[in-house]
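Each remark here refers to the structure printed beneath this line.
Just so it is clear, the values below take in all heavy atoms, side chains as well, and ignore hydrogens, waters and symmetry mates. Numbered from 1 within each chain, the chains take letters A, B, ... in sequence-line order.
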2 protein chains.
Amino acid sequence: MTEPAKPRREQILDSASRLFSERGYHATSMRDLAGELGMQGGSLYAHISSKEELLIDIVNQASRQFDEALFTLRGEPLPADAKLKEAMFRHIRVVADNMDSATVFFHEWKHLSPEAYARVTGWRDTIDAFYRELIEQGVREGVFRPGLDIKMTAYLVLSAVNWAYTWYRPGGALGPRDVAEQFAEMLLSGLRAAPAATP
Amino acid sequence: MTEPAKPRREQILDSASRLFSERGYHATSMRDLAGELGMQGGSLYAHISSKEELLIDIVNQASRQFDEALFTLRGEPLPADAKLKEAMFRHIRVVADNMDSATVFFHEWKHLSPEAYARVTGWRDTIDAFYRELIEQGVREGVFRPGLDIKMTAYLVLSAVNWAYTWYRPGGALGPRDVAEQFAEMLLSGLRAAPAATP
DNA sequence: CCTACCGATCGGTAGG
DNA sequence: CCTACCGATCGGTAGG
């Protein structure tokens, strides 16, 4: 009863995600945002307490989605190649389903105040660790090649799934599953033609 | 004689690259920039004509570097796998040698005015085309697997070389050559262990 | 390269 | 959710 209507706040967050991703956080004014929602600048503050609160909410929401997508996978008893493929699918799906907030997440986290900034940095480390463990597991179990540099391999995988925010277009011919399938297959089997394997 | 000293302008561009990459274009004020160089805000305009001119210069300079690095490779008579490896090396080297302007290039190009914006978009397309041709060549010559999706393969390669701007640290143990070598080798040969190839 | 300043716009608030 | 407003800061200029 004393709380403002919930949907309105979500509308504000959605509009903010879109504007922040298109123009950047600092280049978006509160009046721009209010205009999108058909209200005056000052009226926003009936629903939120500050501009930075919006950024924090957007970034936290994105973090949580990555977290939830990946960490339910952590304990599952899958061979490393299948697990990598599934992790890439889930990771790309989060990006694809949240193009705006993913873009904000990747571009604007540097503008957060120290506490929120530290939280994001921590999240990044956790995701890194997830992929490194996954690759280590694969090497240990003999699914991946023995000589792999764990860190570099993780960077390569992360490049593929993260960079999708720059080129992926939702609603196109390829779903997140297709992209992940193709990327994972190329990564696992390599681009090189098999050396004339005529039996 | 009527021109302002050249080095000063380069100092301004260097500082601007650093500040724009750390804080973002819109979050950096001309007074911040002037302060870095030990002068007053208004004094900058003895050397430059506008803030956007700085952004345009930084982005153009980055574009030119990518261009020069890759397009001298275009006609060279190398097998596709060697050419891919060399292209990745040069691409990563440009990123590594210009971490600040590369970051500005990837993050701030959306804030350019229409003409400069169109130029950057055009550049992106050209680089895309370069990698697609390279991969097509490889498939045609039988160096790469026949079934490869050209577009997706190019995206995968571009992910690896572009995303380096987020994690690479110049002066560390790995030079651009090492990174490219490792990434290219993983991409070409795949992560999967060979299926028990005891002869 | 500085001092002093311009109009515009910013995030946010008071009071209703 | 609006009107009206706050102090601060913005990019840029005039005149020296």
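- With B/Y155 as reference, A/W167 is the one residue of A/W163, A/Y165, A/W167 to meet the ring pair (Phe, Tyr, Trp, His ring centres under 6.0 Å) rule.
- A cation-pi arrangement is not found for B/K110 relative to B/Y25, the charged atom failing to lie both closer than 6.0 Å to the ring centre and inside a 45° cone about the ring normal.
- Remark: C/dC1 base-pairs with D/dG16. Criterion, Watson-Crick or G-U wobble with two distances under 3.5 Å.
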Legend entry - Per-nucleotide protein contact string for nucleotides 9-16 of chain C (B base, S sugar-phosphate only, - none; heavy atom under 4.0 Å): -SBBB---

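- For the pair A/K83 and A/E133, the salt-bridge criterion is not met [side-chain N within less than 4.0 Å of a carboxylate O].
- In the set D/dC1, C/dT3, D/dC2, the nucleotide with an atom closest to the side chain of A/Q40 is D/dC2.
- A perpendicular orientation is assigned to the rings of B/F130 and B/F71, their planes being inclined by more than 60° (bins at 30° and 60°).
- Relative orientation of the A/F66 and A/F106 rings is tilted, given thresholds of 30° and 60° on the angle between their planes.
- C/dC6 is paired with D/dG11 under the Watson-Crick or G-U wobble criterion, all donor-acceptor distances under 3.5 Å.
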